[in-house]
Amino acid sequence: MEEKKFDPNSLIGFVLIFGILLWIMYQNKPDEAQIAAEKAQKELVAKEELKAQEVAKTITMAAATTVSDTLQLAQLQKSLGSFAYSATLPSAQGGITTLENNLVTLKIANKGGYIVEATLKNFERFKKGSGELVQLIKDNNSSLNIQLVTKDNHTLNTKDLYFEPTLTKNGEDQILSMRLKSAENQYLEYKYVLKADDYMLDFEIQTQGLNNALVSSKPLNLEWDLKTYANEKSINYENRYAEVYFEYEDGKTDYLGLGSDKTDDPSKVSFIAYKQHFFSSILLTSTPFEKADLYSNNLVNDEEIDTIFTKQFKSKVPLAFKNGEIDQKMNWYFGPTDYKLLQSYDKNLESIVPLGWGIFGWINRHAFIPMYSLLSSFIEHGWAIVLFTILIKLLMSPVTYKSFLSQAKMKVLKPEITELGEKFKKDPMKKQQETMKLYNKAGVNPMAGCIPGLLQMPVFYALFQFFPSAIGLRQQSFLWADDLSSFDSVYALPFRIPGYGSHISLFPILASIAIFFYMKLTTGDQQMAQPQQEGMPDMAKMMKIMIYISPLMMLFFFNSYASGLSLYYFISNLISIGLLLVIKNYIVDEDKIHAQIQENKKKEPKKPSKFQQKLQEVMEQQEAMKAQQKKK
């Protein structure tokens, strides 16, 4: 068999074929531009596919949302009727808008559209340095509500619905519009305007485009509730001055009264004030409310237990439709019950400060407030009270002198009056007649001692009203008292004494001691001056008892009162004691008075006064009637 040999021609053929294949592959290779174009084309295709997927997804989600919103809106319309639209807005998620100046911070909630927090930035609760600011509104203690009756048979409460807030500024004025919408341009609006450095803000309630949504045959009822927080040391003392005040259209101010479940329904009301002793929340209206249903309830039954709230206040007033819409312009006031500040608004708001009626209020407004304001403007309040007391006692010193002079004259005449009493012991009428003749001859008026006392009564009562109303005394310290508007406790008792309290105040003790010694001085002279009248109670014994009872009553009564008032009575009685001692020892001379009376007796008797003549006629008539009865 023949052996195969290596064929070089075959190898050359394979090499040529391989080379030809490589050349063909090289010639068919794409250039870089072509590669980039192909890559861009692929990326474009990928993007188009992704975009198509996103559009499809968006369309799918939109379709699902539309179905969901349609279902939600349908459900909301069942419960909210025309105002279902308001529940679909972003504001329905809740939220708070703040209005603030240097005096107050007000927070208004989307839900209900009303103020949910009102903070007074310059006043602290309970005591100076407590770090807790006075908040008239907080933690749901207040609400503002309008009951809406719609034409699609729904009854809604605005306090449960969501308003859309819009906050703007006009210079320094902050303007907040809170709109409860039934459509984009149909709404009920609360409009608040807070000015710089002012406790008063403008407030307006109006509607737009709701004449087809609301039943307008009856007014809307605006309801304002407030549960007042305690802000002072003594909740009982503070609660005594917490009250609902209101003003009639004619400018007359009235109040609801203290106690539980007090109600009233005044007409033509210009403002409603929820007064909390030293702070007030007031709603004013430019167009008087036709009627106001007012309610007040006492929340302090036990001072040891009820320590948070003082009163529950409620008001309901009508908002009248005009041409199918509401437009009620009002104001809110959240601030101190300061007489001069309230007076500066020229809206008769100062009338809510209880200064007393008639002559008592007149004395406070035109004498004591200006006098004390002047004194406290350049010296501390404690020393202002001392100087204030001295000035009043000096002004009243002529009256004190007249009273003591009358007592001295009666004291000189007492032996002769006693002698007449013995002489006409069996004839009381004759004794009275002769006594009157003696007074007339001596030139002595037995009523002169009573008249000065009566003249001092208006001053006494006016001061009793002035001090508890003086907000300037709040948290002002003097000596051991850290707050002249509250009690000056020097010792806390481990138990409670009914009618007295669980602490001991020092100023009432000092005032009681001063009253005791003052009465001791004056009562002795009165007993010596006034003879015992037959058939009348023994005044001497009664006065002896009162010497001890009066100071004791003051000790109990003033233990929880304003220490500024007790300080006044303490200083006042010290000065009275001093004046009496000076008058008695250095001014009034009983020997001279006796000599003058004797000289008066020698003169022709003065013509009796009309009062004396009338009294003489009455006694003669009684004497004649007795004589007729004896004949029978």
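A side-chain N or O of S280 and one of T337 form a donor-acceptor pair less than 3.5 Å apart. No side-chain donor from either of N573 and Y518 sits under 3.5 Å from a side-chain acceptor of the other. S576 and K393 share a donor-acceptor pair across their side chains, judged by distance under 3.5 Å alone. In this model, no donor atom of one side chain and acceptor atom of the other lie less than 3.5 Å apart for T105 and T119. Side-chain polar atoms of H381 and Y372 form a donor-acceptor pair below 3.5 angstrom. Side-chain contact of T310 with T228: a donor-acceptor pair under 3.5 Å is present, judged by distance alone. Under 3.5 Å, the side chains of D483 and Q476 contain no donor-acceptor pair of N or O atoms.
Residue-environment remark: CG (D160) exceeds the threshold of 12 foreign heavy atoms within 6.0 Å. Counted within 6.0 Å of CD on E380, heavy atoms from surrounding residues, nucleotides or ligands total 12 or fewer; the atom is thus considered open.
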Let's go through N110 and Y162 carefully: what are the C-alpha distance in whole Å and the side-chain angles of both, what is the deciding distance for side-chain hydrogen bond (donor to acceptor under 3.5 Å, both in side chains) to 0.1 Å, and is it a yes or a no? CA-CA 5 Å; N110 289 358; Y162 288 89; over 6 Å; no

Assess the residue pair E223 and N145 against the criterion (side-chain hydrogen bond (donor to acceptor under 3.5 Å, both in side chains)); give the C-alpha distance rounded to whole Å, side-chain angles, the decisive distance to 0.1 Å, and a yes or no. CA-CA 5 Å; E223 300 168 349; N145 180 58; 3.2 Å; yes

Would E238 and K233 count as a salt bridge (charged side-chain N to carboxylate O under 4.0 Å, His left out) here? Give the steps.
CA-CA 8 Å; E238 178 183 6; K233 284 169 60 176; over 6 Å; no

Legend entry - side-chain hydrogen bond (donor to acceptor under 3.5 Å, both in side chains) evaluation trace for Q465 with N364: CA-CA 8 Å; Q465 294 291 107; N364 276 323; over 6 Å; no

Open item on the list: If you apply the rule ring pair (Phe, Tyr, Trp, His ring centres under 6.0 Å), what do you find for Y569 with Y561, and how did you get there?
Closed with: CA-CA 12 Å; Y569 285 131; Y561 256 63; 9.6 Å; no

Determine, step by step, whether T253 and N348 satisfy the side-chain hydrogen bond (donor to acceptor under 3.5 Å, both in side chains) criterion, reporting the C-alpha distance in whole Å, the side-chain angles of both residues, the deciding distance to 0.1 Å, and the verdict.
CA-CA 9 Å; T253 305; N348 197 35; 3.3 Å; yes

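Between D488 and P508, the shortest heavy-atom contact is OD1-CD, 3.6 Å. Scanning all heavy atoms of the two residues, the minimum distance from P551 to I547 falls at CD-O, 3.0 Å. Heavy-atom minimum distance, G358 versus R365: O-NH2, 4.5 Å. Taking all atoms of both residues into account, the shortest heavy-atom contact from P468 to Y237 is CB-OH, 3.4 Å. A pairwise comparison of heavy atoms in K311 and N298 identifies CD-CA, 3.8 Å as the closest pair. For I115 against I137, the heavy-atom pair with the smallest separation is O-CG2, 3.8 Å.
Both the sub-6.0 Å distance and the 45° axial angle are satisfied by R179 relative to the ring of Y187.
Aromatic ring centres of W332 and W224: separated by under 6.0 Å. For F83 and H154, the ring centers are positioned 6.0 Å apart or more. You'll find the ring centres of Y345 and Y333 inside the 6.0 Å limit. Separation of the F334 and Y274 ring centroids does not fall under the 6.0 Å cut-off. For F368 and F388, the ring centers are positioned less than 6.0 Å apart. Checked against a 6.0 Å centroid threshold, the rings of F556 and F558 do not count as neighbours.
Two residues are said to be in side-chain contact when any heavy atoms from C-beta on lie closer than 4.5 Å; E124 and V134 fail this criterion. Contact of the L167 side chain with the T98 side chain is not registered, since no non-hydrogen atoms from C-beta on lie closer than 4.5 Å. For the pair F203/L144, a side-chain contact is recorded, criterion being any heavy-atom separation below 4.5 Å from C-beta on. With a 4.5 Å cut-off on side-chain heavy atoms, D139 and Y229 count as touching. Side-chain contact between P165 and L176 is present, with at least one heavy-atom pair separated by less than 4.5 Å. Side-chain contact between P354 and K275: present, with at least one pair of heavy atoms (C-beta onward) separated by less than 4.5 Å. In this structure, the side chains of K316 and N221 come closer than 4.5 Å at one or more pairs of heavy atoms. The shortest side-chain heavy-atom distance between S469 and L355 falls under the 4.5 Å cut-off.
A donor-acceptor contact shorter than 3.5 Å links the side chain of S130 to the backbone of R125. S505 places a side-chain N or O within 3.5 Å of a backbone atom of N559 that can act as its donor or acceptor partner.
Ring geometry, F464 versus F557: the interplanar angle falls under 30°, so the pair is classed parallel (tilted spans 30 to 60°). Taking the six-membered ring for Trp and thresholds of 30 and 60 degrees, F507 and F570 have ring planes inclined between 30 and 60 degrees apart. Taking the six-membered ring where the residue is Trp, F478 and W383 present perpendicular rings, their angle passing 60° and hence far from 30°. Below 30°, between 30° and 60°, or above 60°: for F487 and H503 the angle between ring planes is below 30°, a parallel geometry.
For the atom pair CD of E243 and CG of L256, the computed distance is 6.0 Å after rounding to the nearest 0.5 Å. From Q312, atom CD reaches atom NZ of K227 across 6.0 Å, with rounding to the nearest 0.5 Å. Expressed to the nearest 0.5 Å, how far CD1 of I385 lies from CG of L473 amounts to 5.0 Å. Summarising the geometry, atom CG belonging to N231 is positioned 15.0 Å from atom NZ belonging to K127; distances are rounded to the nearest 0.5 Å. Taking CG from L374 and CD1 from I369, the interatomic distance works out to 13.5 Å, rounded to the nearest 0.5 Å. Atom CG of L148 sits about 9.0 Å away from atom OG1 of T155, to the nearest 0.5 Å.
Screening E204, E164, E189 for a side-chain hydrogen bond (donor to acceptor under 3.5 Å, both in side chains) involving S177 leaves a single residue, E189. Each of D173, D202, N101 was compared with K195 under the side-chain hydrogen bond (donor to acceptor under 3.5 Å, both in side chains) criterion, and only D202 meets it.
For K329 and D327, the salt-bridge test passes: some basic side-chain N is under 4.0 Å from an acidic carboxylate O.
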Just list the side-chain donor-acceptor pairs under 3.5 Å for residues 257-272, sequence neighbours left out, or say none.
residue: D261; atom: OD1; partner: Y295; partner atom: OH; Å: 2.6
residue: K268; atom: NZ; partner: E290; partner atom: OE1; Å: 3.4
residue: K268; atom: NZ; partner: E290; partner atom: OE2; Å: 2.7

